[in-house]
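Worksheet: the structure to be examined is printed underneath.
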There are 2 protein chains.
Amino acid sequence: MADTREKILDVAEELIRSVGVNAMSYKHISEAVGIRKASIHHHFPKKDDLVDELLNRCQTSYGAHYASIIEGDDPAPDQLRNLARIFEDGLVTNKLCVVGSISTDRNTLTDRTCELLENNISSTVRIFSKVFAKGEKEGTLVFSGSADDAAYTFLSFLIGTQIVARAQGGKEFFNKAAKLMIEALSR
Amino acid sequence: MADTREKILDVAEELIRSVGVNAMSYKHISEAVGIRKASIHHHFPKKDDLVDELLNRCQTSYGAHYASIIEGDDPAPDQLRNLARIFEDGLVTNKLCVVGSISTDRNTLTDRTCELLENNISSTVRIFSKVFAKGEKEGTLVFSGSADDAAYTFLSFLIGTQIVARAQGGKEFFNKAAKLMIEALSR
DNA sequence: TAGTCCCAACCTACCAGAAGGTAGGTGGCG
DNA sequence: CGCCACCTACCTTCTGGTAGGTTGGGACTA
């Protein structure tokens, strides 16, 4: 089956979002997929291979998701709210964003994985940046620094608030923070 | 020696800040402290005991550190900058804030630890909140929602930006984001 | 003051289970 | 026939944790 591979990636993604890279194991995956541990190694010889491919897949899939929000005609602040909602939705199942989860374990990763992580963040910032550039032009958003700086700040905020909200406050607190944050950037 | 205990906590703190709770092991600690693994268990029978006590210690020590900044007479935006600097300093040695690191591994922790984590965050928010209440009164800070909401937002931002900056951009990016964030909250 | 007792702090030696990973075999399909 | 996807069986290393022994200093007593 060609989509066993995808199934493995799906399960790995959920596990990483829930318990982190280091607590995620081939044993867990094999049980969830219904396949033997050695068979996972057939698809992804090393754990790093799995993580690396997952990071690539996320860059594509989430990138498309973010882009679909941004390409619409909504005012920039609404688009920020829609982006925040993606992170808020993760909290329903107590799950973090893949990049946030992996970034926290950065010091246990290979150089290659760190590089992919950097690319992933840069790529996401570049996408988010469009909202801020647009908002600045529209006059709906105001911030000091470049649109890239604002995008980086907003992404970091979302990742951090998701982590903190899962530990304390949940969805409601996440929402209050997102509202406050977006209004602080709005005019 | 009575401070072997403290030494263990010191090493555990650094390890958690660097690689996270799950990648931190009694073996690592024993090597760094210069004591046998079983001796760590003498001081902290279970790993949870260690983490729990560390979380308590941090609440006290960081709480005092935060409070010392906030009790000064600086304008609120300057105080926010000083708080941000604490998180920025961690990046020099590639280390995260203890609470941020542990929060990310929340789903692998005991109920008791989760509870302490919640208390720790609430307590920090309560301290940060004073800056925002003061800033609102002074007219130096403007935000929608309560001072607690703003404190929660700012703390989440700092934790998130520290995580993201360690993975991409480093100190410079952290600084740019903090500047933008504080200016978005300033009047 | 000497004896002894206790206890904290450390040690060696061990355990079971989980980790990532490998070797080599089997079955089915093009 | 050959190959892909899967299997069983196994390896090493690390994991948190336990059992039980050694040591040295403080306190209590004869």
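Labels below follow one simple rule: chain letters A, B, ... track the order of the sequence lines, proteins then strands, and each chain is numbered from 1. What you are looking at is a predicted structure, and each value in this text was computed from that prediction instead of being measured.
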Query - Test side-chain contact (heavy atoms from CB on, under 4.5 Å) applied to B:Arg17 and B:Cys97, step by step - result: CA-CA 6 Å; B:Arg17 293 181 57 193; B:Cys97 133; over 6 Å; no
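- The ring-ring contact (aromatic ring centres under 6.0 Å, His included) search around B:His28 returns none, not counting sequence neighbours.
- Contact check on A:Glu172 versus A:Lys176 returns no salt bridge, with no Lys/Arg side-chain nitrogen under 4.0 Å from an Asp/Glu carboxylate oxygen.
- Separating the CD1 atom in A:Ile29 from the NZ atom in A:Lys27 is a distance of 13.0 Å, to the nearest 0.5 Å.
- Atom pair B:Lys27:NZ and D:dG17:P shows a separation of 17 Å (rounding to whole Å applied).
- Each of B:Leu80, B:Leu141, B:Asp78 was evaluated against B:Ile182; a single residue qualifies, B:Leu80, per the side chain to side chain contact (heavy atoms under 4.5 Å, CB included) test.
- Distance OH (B:Tyr26) to P (C:dC11): 15 Å, rounded to an integer number of Å.
- Closest non-hydrogen pair, B:Leu54 versus B:Leu9, comes out as CD1-O, 3.6 Å.
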Please tabulate, for side-chain N and O atoms in residues 85-92 of chain B, each donor-acceptor pair with protein atoms closer than 3.5 Å (sequence neighbours left out).
residue	atom	partner	partner atom	Å
B:Arg85	NH1	B:Asn82	OD1	3.2
B:Glu88	OE2	B:Asn175	ND2	3.3

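- Taking side-chain N and O atoms only, B:Thr4 has no distance below 4.0 Å to OP1 or OP2 of C:dA9.
- Sequence neighbours left out, the pairs with a member in residues 109-144 of chain A that pass ring-ring contact (aromatic ring centres under 6.0 Å, His included) are A:Tyr66-A:Phe128, A:Phe132-A:Phe143, A:Phe132-A:Phe154.
- Of all the residues in residues 16-25 of chain A, not one reaches under 4.0 Å from DNA chain D with any non-hydrogen atom.
- Between B:Arg166 and A:Arg106, the shortest heavy-atom contact is O-CD, 3.4 Å.
- For DNA chain D, the neighbouring residues in residues 35-42 of chain A, judged by any heavy atom under 4.0 Å, are A:Ile35, A:Arg36, A:Ala38, A:Ser39, A:His42.
- No side-chain N or O of A:Thr110 forms a donor-acceptor pair with one of A:Asp48 less than 3.5 Å apart.
- Put simply, CG on A:Asp3 is 15 Å from C1' on D:dC4, counting in whole angstrom units.
- For DNA chain D, the neighbouring residues in residues 46-57 of chain B, judged by any heavy atom under 4.0 Å, are B:Lys46, B:Lys47.
- With rounding to the nearest 0.5 angstrom, the OH atom of A:Tyr152 is 15.5 Å from the CZ atom of A:Phe157.
- Phosphate contact (OP1/OP2 of D:dC6, side-chain N/O of A:His43, threshold under 4.0 Å): present.
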